[in-house]
Protein chains: 2
Amino acid sequence: MDIEPDLCRVEDALGILVGKWKPIILLYLLKDGTQRFSELKRSVPGITQKMLTKQLRELEEEDIIERVVYPQVPPKVEYTITEYGKSLSPILEAMHEWGTKHTLHKRQKANRKIL
Amino acid sequence: MDIEPDLCRVEDALGILVGKWKPIILLYLLKDGTQRFSELKRSVPGITQKMLTKQLRELEEEDIIERVVYPQVPPKVEYTITEYGKSLSPILEAMHEWGTKHTLHKRQKANRKIL
DNA sequence: CCCAATAGTATCTTTTTGTATACTATAGCA
DNA sequence: TGCTATAGTATACAAAAAGATACTATTGGG
């Protein structure tokens, strides 16, 4: 490790992943490719329209995803992860891997308390 | 990428890094080793005692850092990153690297707007 | 006796996030 | 004519995170 804390850019990456639902949204876009608004909404159960809209707008703002509007009625809007956005996937994967281990770690800790 | 969104553990890792100051605190502990409370406070300018305490407690709770109290007056408390905590450093590094590129990306985008 | 130093707590306020619910426009269809 | 579908907005509210500020205990030193 040789990150100078003063010059640290971790927060810049963190800021993009933080926000309820953002990782899940990205994973669906990475896994299933282009998705409509309504498809995402169905994929992420419990999310409200407002939240989905907000998270998508923020990801779009950072060029992580692309939004394409089809001028038709009823409306059709598609979201696709950009090439740039795909560069986040090693981070997502590393976090997922670590998170999996951590879940185990916590479970073992909880068991030790019981015994 | 092959993370099943439903089984996603990204949030578990994310939750540990999220919290204002946490990445910086970790970087200082990784860089300078064991640190006293007051040293950390001096290292992280702008942080309040309450925030520093809170972040440290949360990191301790997850076994990322260890807290050692010396029973003396004035008090002395040392914080050290655990071996387990060190396993986060690849993630920190990946984020820092991505964040550095992203900062550049945003700068270039801003410049395009001006020209 | 009084002060500085350390590692905190305790309160209160502000800001940021997230939730719930209702509302909109309009083409196609029965 | 009224209903459905889609991708949102608008508004109000609740909860969580962060910030500002004041307070505490104790002891060695002057």
Side-chain angles (χ1 to χ4, degrees), chain A residues 5 8 10-26 28-29 32-62 64-81, chain B residues 5 8 10-26 28-29 32-62 64-81:
Chain A
C8 167
V10 171
E11 300 277 7
D12 296 75
L14 213 49
I16 282 167
L17 269 1
V18 170
K20 212 169 173 180
W21 319 105
K22 271 189 199 149
I24 280 219
I25 292 170
L26 289 176
Y28 273 113
L29 290 176
D32 299 333
T34 299
Q35 297 275 106
R36 294 184 63 167
F37 184 86
S38 52
E39 290 177 301
L40 284 170
K41 206 184 148 213
R42 269 186 289 274
S43 297
V44 184
I47 197 169
T48 60
Q49 303 214 149
K50 186 193 160 190
M51 272 298 115
L52 182 52
T53 305
K54 199 183 160 222
Q55 308 303 309
L56 289 170
R57 288 291 191 288
E58 288 172 11
L59 291 169
E60 193 196 354
E61 176 65 21
E62 301 290 346
I64 307 302
I65 63 173
E66 201 192 358
R67 177 170 179 265
V68 178
V69 181
Y70 295 84
Q72 60 185 50
V73 169
K76 178 177 170 183
V77 179
E78 283 184 345
Y79 293 92
T80 313
I81 198 151
Chain B
C8 166
V10 171
E11 301 277 7
D12 296 75
L14 212 50
I16 282 168
L17 270 0
V18 170
K20 214 168 173 181
W21 317 107
K22 269 187 200 150
I24 280 221
I25 291 170
L26 289 175
Y28 273 112
L29 290 176
D32 300 333
T34 298
Q35 297 277 107
R36 294 185 62 168
F37 185 86
S38 52
E39 291 178 300
L40 284 171
K41 206 183 148 218
R42 270 187 287 276
S43 297
V44 184
I47 198 170
T48 60
Q49 303 215 147
K50 184 194 160 188
M51 272 298 115
L52 183 52
T53 305
K54 199 183 161 221
Q55 307 304 308
L56 289 170
R57 287 292 190 289
E58 289 173 9
L59 291 169
E60 193 197 355
E61 176 64 21
E62 302 289 347
I64 308 302
I65 63 173
E66 201 192 357
R67 177 170 178 266
V68 177
V69 181
Y70 295 84
Q72 60 186 49
V73 169
K76 177 177 172 184
V77 178
E78 283 183 346
Y79 293 92
T80 314
I81 197 151

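Residue numbering restarts at 1 for every chain, and letters A, B, ... go by the order of the sequence lines.
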Considering only side-chain heavy atoms of V73(A), which listed nucleotide, dT6(C), dA27(C), dT9(D), is closest?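 Nearest to the side-chain atoms of V73(A), counting from C-beta on, is dA27(C).
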What nucleotide among dA18(D), dA7(C), dT6(D) has an atom nearest to a side-chain atom of K50(B)?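 Comparing dA18(D), dA7(C), dT6(D) against the side chain of K50(B), the answer is dA18(D).
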Once you round it to whole Å, what is the distance between [atom2] of [N] and [atom1] of [X]?
{"X": "Y79(A)", "N": "dA7(D)", "atom1": "OH", "atom2": "P", "value": "8 Å"}
{"X": "Q55(A)", "N": "dA7(D)", "atom1": "CD", "atom2": "P", "value": "18 Å"}
{"X": "I25(B)", "N": "dA18(D)", "atom1": "CD1", "atom2": "P", "value": "11 Å"}
{"X": "Q72(B)", "N": "dT27(D)", "atom1": "CD", "atom2": "P", "value": "12 Å"}
{"X": "K76(A)", "N": "dA25(C)", "atom1": "NZ", "atom2": "P", "value": "24 Å"}
{"X": "I47(A)", "N": "dA20(C)", "atom1": "CD1", "atom2": "C1'", "value": "14 Å"}
{"X": "M51(A)", "N": "dA14(D)", "atom1": "CE", "atom2": "P", "value": "16 Å"}
{"X": "K41(B)", "N": "dT6(C)", "atom1": "NZ", "atom2": "C1'", "value": "10 Å"}

Any non-hydrogen side-chain atom of T53(B) less than 4.5 Å from a side-chain atom of K50(B)?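 The answer is no, as the side chains (C-beta and beyond) never meet within the 4.5 Å cut-off.
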4.5 Å side-chain heavy-atom contact, I65(A) and I25(A):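 They are not in side-chain contact.
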Tell me if the CD atom of E61(B) is crowded by more than 12 foreign heavy atoms within 6.0 Å.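 No.
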For a quick test of reading the model: is some side-chain N or O of [X] closer than 4.0 Å to OP1 or OP2 of [N]?
{"X": "R36(B)", "N": "dT6(C)", "value": "no"}
{"X": "K54(B)", "N": "dG19(D)", "value": "no"}
{"X": "W21(B)", "N": "dA17(D)", "value": "no"}

For R57(B) and G19(A), find the nucleotide of DNA chain C closest to each by heavy atoms; which residue's nucleotide sits nearer the 5' end?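 Final value for this comparison: R57(B).
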Is a donor on one side and an acceptor on the other found under 3.5 Å between the side chain of K41(A) and the backbone of F37(A)?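 Here the side-chain-to-backbone pair does not exist.
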If you assign each of T48(B) and P74(B) to its closest nucleotide in DNA chain D, which residue comes earlier from the 5' end? T48(B)
Are E58(B) and K54(B) close enough for a salt bridge, meaning some N to O gap below 4.0 Å? yes
